[in-house]
Number of protein chains: 2
Amino acid sequence: MTIGELARRTGCGIETIRYYEHEGLLPKPGRTSGNFRCYGQEHAELLSFIRNCRSLDMALNEIRILLRFRSAPDENCGAVNALLDTHIGHVEERIAELQSLESQLKALRDKCRSGRSAEHCGILQGLGGAPDDRDASGDNHVPRTHSTKR
Amino acid sequence: MTIGELARRTGCGIETIRYYEHEGLLPKPGRTSGNFRCYGQEHAELLSFIRNCRSLDMALNEIRILLRFRSAPDENCGAVNALLDTHIGHVEERIAELQSLESQLKALRDKCRSGRSAEHCGILQGLGGAPDDRDASGDNHVPRTHSTKR
DNA sequence: TAGACACCCTGTAGTGACTACAGAGTCAAG
DNA sequence: CTTGACTCTGTAGTCACTACAGGGTGTCTA
């Protein structure tokens, strides 16, 4: 199948498929005489695996590790468990951060319920003080609040 | 004060301060005879404002809007309220997504409690199916699960 | 006055996971 | 034979920084 068909089947963008190939997550497929990539069922399954992992917010490097286990069926899967546990930890951490964020934002929002002039806007004033030292941690690969998903 | 002192006072990296200047969030400061940037109290306050906004996970473009209101005290602050409401919406959305993620990850983790061989690992098998169409939305600027904070 | 050392300067490149082109080639239908 | 949909490679852009390289400045001590 062509790259476009693979994209349609998996719900993955064409550029993303080429990107995964470039990153070594997907093996290089065969080519037609006209140099078009041609994929088989096994590529579709592999790509679904990758997209499932991504929809669980795993980083490509984590997925790389899982792929190694997927293709080495005799190894002990303890490392798979550990990877997932770490990842769950990251997600939990990020949820806690965002919840704290949310309550801070709502408290801020409550400072200005009316359409008064910016000069007296409680929100702008609330943002002006000395910076809190909320969250300065450093090794959670789970992104922050603003991202664009396709 | 020098850039290093400003950095120390606000808990912001030196490179980040130069970056904000380059992005037009901080006005260009004066310079000493030796070409060192020199900052005053108003810069420190402005930078604190920006860092507060960032610690609330606002995007630089959102902060730019707030800064315009901060320096135009006579305008009506309704847009400030709207911006914050939108941002709170993004954060709430992201929390909901992550919570769904968390329960999926935990369900997956329960599929393999033992150190069996990867061939029979329930996690790897669970990741293999057709991709769910969980979250395909597109305009939430709140990042995903993996990020590096300073 | 010399040297050491901390600090600062500009500019460029890297991060992660894509996304968006430009400019060209391929293929099937009408 | 033309149209139009699809594909190719390669490069640059996204966001909010971070990390250099290669140089200059300022202050303190010997």
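Labels below follow one simple rule: chain letters A, B, ... track the order of the sequence lines, proteins then strands, and each chain is numbered from 1.
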request  = Measure the shortest side-chain to side-chain distance between A:Leu98 and B:Gln99 over non-hydrogen atoms and say whether it is less than 4.5 angstrom.
outcome  =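 A:Leu98 vs B:Gln99: side chains apart.
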**Prompt:** Got B:Leu84 and B:Glu62 here, is their nearest side-chain heavy-atom distance under 4.5 Å?
**Reply:**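 Result no, sub-4.5 Å side-chain heavy-atom pair not found.
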N/O (side chain, [X]) to phosphate O (OP1/OP2, [N]) under 4.0 Å:
{"X": "A:Thr16", "N": "C:dT19", "answer": "yes"}
{"X": "B:Thr32", "N": "D:dT25", "answer": "no"}
{"X": "B:Arg51", "N": "D:dC17", "answer": "yes"}

Using nucleotides 9-15 of chain D, report all nitrogen or oxygen pairs with the protein that are shorter than 3.5 Å.
unit_1, atom_1, unit_2, atom_2, d
D:dT9, OP1, A:Arg31, NH1, 3.2
D:dT9, OP1, A:Arg31, NH2, 2.8
D:dT9, OP2, A:Arg37, NH1, 2.8
D:dT9, OP2, A:Arg37, NH2, 2.6

Rounded to whole Å, how long is the line connecting atom [atom1] of [X] with atom [atom2] of [N]?
{"X": "B:Arg64", "N": "D:dA16", "atom1": "CZ", "atom2": "C1'", "result": "11 Å"}
{"X": "B:Leu26", "N": "D:dC17", "atom1": "CG", "atom2": "C1'", "result": "14 Å"}
{"X": "A:Tyr39", "N": "D:dC6", "atom1": "OH", "atom2": "P", "result": "17 Å"}
{"X": "B:Met1", "N": "C:dC8", "atom1": "CE", "atom2": "C1'", "result": "16 Å"}
{"X": "B:Lys28", "N": "C:dC9", "atom1": "NZ", "atom2": "C1'", "result": "13 Å"}
{"X": "B:Glu21", "N": "C:dG11", "atom1": "CD", "atom2": "C1'", "result": "14 Å"}
{"X": "A:Leu6", "N": "D:dT7", "atom1": "CG", "atom2": "C1'", "result": "14 Å"}

Earlier contact from the 5' end, DNA chain D, for A:Cys38 and B:Tyr20 =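 Closer to the 5' end of DNA chain D: A:Cys38.
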Inset, instruction - Hey, could you give me each pair passing ring pair (Phe, Tyr, Trp, His ring centres under 6.0 Å) that has a residue in residues 8-31 of chain B? Not counting sequence neighbours. - result: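 Residue pairs passing ring pair (Phe, Tyr, Trp, His ring centres under 6.0 Å), neighbours aside: none found.
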Show me the side-chain donor-acceptor pairs of residues 31-38 of chain A shorter than 3.5 Å, one per line, residues at least two apart or across chains.
unit_1, atom_1, unit_2, atom_2, d
A:Arg31, NH1, A:Asn35, O, 3.0
A:Arg31, NH1, A:Asn35, OD1, 3.4
A:Thr32, OG1, A:Gly34, N, 3.2
A:Thr32, OG1, A:Asn35, N, 3.4
A:Thr32, OG1, A:Phe36, N, 3.1
A:Arg37, NE, A:Glu21, OE1, 2.8

Taking side chain to side chain contact (heavy atoms under 4.5 Å, CB included) as the definition, give me every residue that meets it alongside B:Arg64, ordered by chain and number, with sequence neighbours left out.
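For B:Arg64 the side chain to side chain contact (heavy atoms under 4.5 Å, CB included) partners, ignoring immediate neighbours, are B:Glu23, B:Leu25, B:Leu60, B:Asn61.
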On DNA chain C, compare the nucleotides closest to A:Gly34 and B:Glu5; which residue's is nearer the 5' end?
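The residue mapped nearer the 5' terminus is B:Glu5.
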Q: Check whether any side-chain N or O of B:His43 sits under 3.5 Å from a backbone N or O of B:Leu6 as a donor-acceptor pair, and report yes or no.
A: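 Looks like no, no N/O pair under 3.5 Å.
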Counting primed atoms, P, OP1 and OP2 as sugar-phosphate and everything else as base, the B/S/- map of nucleotides 1-7 of chain C against protein heavy atoms under 4.0 Å is -------
- Message: Less than 4.0 angstrom from a charged side-chain N to a carboxylate O is my criterion; do A:Arg94 and B:Glu97 meet it?
- Response: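 Looking at B:Glu97 together with A:Arg94, the answer is no, because their closest N to O distance does not fall below 4.0 Å.
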What residues form a salt bridge (Lys or Arg N to Asp or Glu O under 4.0 Å) with B:Arg18, not counting sequence neighbours?
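Applying salt bridge (Lys or Arg N to Asp or Glu O under 4.0 Å) to B:Arg18 gives B:Glu15.
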Kindly indicate, with the supporting measurements, whether the criterion side-chain contact (heavy atoms from CB on, under 4.5 Å) is fulfilled by B:His90 and B:Asp57. CA-CA 10 Å; B:His90 285 159; B:Asp57 251 357; over 6 Å; no
